[in-house]
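Take a look at the structure set out below.
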Amino acid sequence: MAFCGNCGAQTQEGASLCAACDPGTAQTPAFTPIAPAATDETRDAEENKLMGVLAYCGPLALLPFFTKKDSPFAQFHAKQGITLCILWIGYLIVRGLLGLIKITRTEYVWGVPVEYTSKPWFITLITSLLAVGVSLLAIIGIINAIKGEKKPLPLIGGISIIK
């Protein structure tokens with residue numbers, strides 16, 4: 001500890017005079033940034049991230065929709081999740097209808113005709129690509145909810161089934 005050579009008051013290390021005796025040695029207080037107060041929107045996003053994630057888990061989208069009516073963040077993600085759930089249902093219907101398309105072919109094994117019935121390869125390709133696309137939309141929505149963002153989903157984000 002250092003002391004002022006003039007009045008004996010405690011000074012900073014390396015200083016011969018205190019701030020009262022030599023105003024030039026007074027240090028300005030260090031700048032300490034103050035974190036901005038959390039806005040209602042950011043607080044809402046932080047408190048309802050789990051509900052935002054649940055919104056993209058199929059019918060669980062109804063949970064935040066009905067339980068968090070006062071949360072704009074949860075309602076945004078719930079509405080997108082409901083739209084995505086309806087898209088999943090549409091996908092399942094299309095997959096079922098395309099699954100009705102069958103190809104029957106006859107081959108001869110040791111002179112005996114054998115009939116094979118199968119789904120065409122392109123039907124499997126189409127339904128697989130649709131499933132991957134809808135799954136990617138759900139993953140994008142979950143990532144946005146975890147980040148606390150209210151970004152609309154690509155392709156279906158502009159569709160609002162529920163106002």
Side-chain angles (χ1 to χ4, degrees), residues 12-13 26-163:
Q12 297 176 5
E13 291 296 322
Q27 272 193 339
T28 58
F31 176 72
T32 53
I34 298 172
T39 63
D40 288 340
E41 190 172 305
T42 56
R43 190 176 311 115
D44 178 36
E46 286 298 317
E47 291 173 358
N48 293 298
K49 279 185 181 180
L50 176 62
M51 289 295 177
V53 170
L54 286 178
Y56 297 100
C57 298
L60 290 179
L62 297 173
L63 185 66
F65 183 73
F66 288 116
T67 61
K68 295 291 185 174
K69 288 201 176 280
D70 59 332
S71 167
F73 180 80
Q75 288 296 304
F76 174 82
H77 288 288
K79 289 174 184 175
Q80 286 205 123
I82 290 169
T83 303
L84 188 65
C85 186
I86 291 169
L87 183 64
W88 266 115
I89 293 168
Y91 158 74
L92 292 173
I93 292 169
V94 168
R95 187 183 78 176
L97 292 174
L98 289 176
L100 296 175
I101 300 172
K102 303 282 184 193
I103 294 176
T104 303
R105 64 178 196 254
T106 304
E107 292 185 10
Y108 291 92
V109 179
W110 294 333
V112 177
V114 178
E115 285 191 3
Y116 292 99
T117 303
S118 64
K119 192 174 8 172
W121 66 270
F122 60 88
I123 299 295
T124 303
L125 178 67
I126 291 169
T127 56
S128 297
L129 290 175
L130 288 173
V132 168
V134 176
S135 298
L136 283 176
L137 288 176
I139 291 169
I140 291 169
I142 289 170
I143 291 171
N144 288 340
I146 289 172
K147 287 181 175 179
E149 298 174 347
K150 287 173 37 175
K151 282 187 182 176
L153 291 175
L155 303 174
I156 66 166
I159 301 170
S160 59
I161 293 174
I162 299 173
K163 300 290 179 199

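None of the values given here were measured: they were computed from a predicted structure. The first residue of the sequence shown is numbered 1, and numbering continues consecutively from there.
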Cation over ring face, K119 and F122, 6.0 Å, 45°: no

Are [X] and [Y] packed together at the side-chain level, in the sense that at least one heavy-atom pair is separated by less than 4.5 angstrom?
| X | Y | result |
| --- | --- | --- |
| Q80 | Y56 | yes |
| D70 | Q75 | no |
| I156 | L153 | yes |
| P64 | H77 | no |
| I123 | P120 | yes |

Could you note down all residue pairs passing side chain to side chain donor-acceptor pair (under 3.5 Å) where residues 107-116 supplies at least one of them, sequence neighbours left out? R105-E107

Test side-chain contact (heavy atoms from CB on, under 4.5 Å) on T83 and L87; report intermediate values, then the result. CA-CA 6 Å; T83 303; L87 183 64; 5.9 Å; no

Expected output: side-chain Y91 to main-chain T127 donor-acceptor under 3.5 Å: yes

Holding to side-chain hydrogen bond (donor to acceptor under 3.5 Å, both in side chains), I want the full list of residues that pass it with S71, two or more places apart in sequence or in another chain. D44, N48

What's the verdict on side-chain contact (heavy atoms from CB on, under 4.5 Å) for T117 and I103, showing C-alpha distance, side-chain angles and the deciding distance? CA-CA 6 Å; T117 303; I103 294 176; over 6 Å; no

Under the side-chain contact (heavy atoms from CB on, under 4.5 Å) criterion, do M51 and T67 qualify, and how do the steps go? CA-CA 9 Å; M51 289 295 177; T67 61; 3.9 Å; yes

Begin with the C-alpha distance, continue with both residues' side-chain angles, and end with the deciding distance and a verdict on side-chain contact (heavy atoms from CB on, under 4.5 Å) for T106 and V114. CA-CA 5 Å; T106 304; V114 178; over 6 Å; no

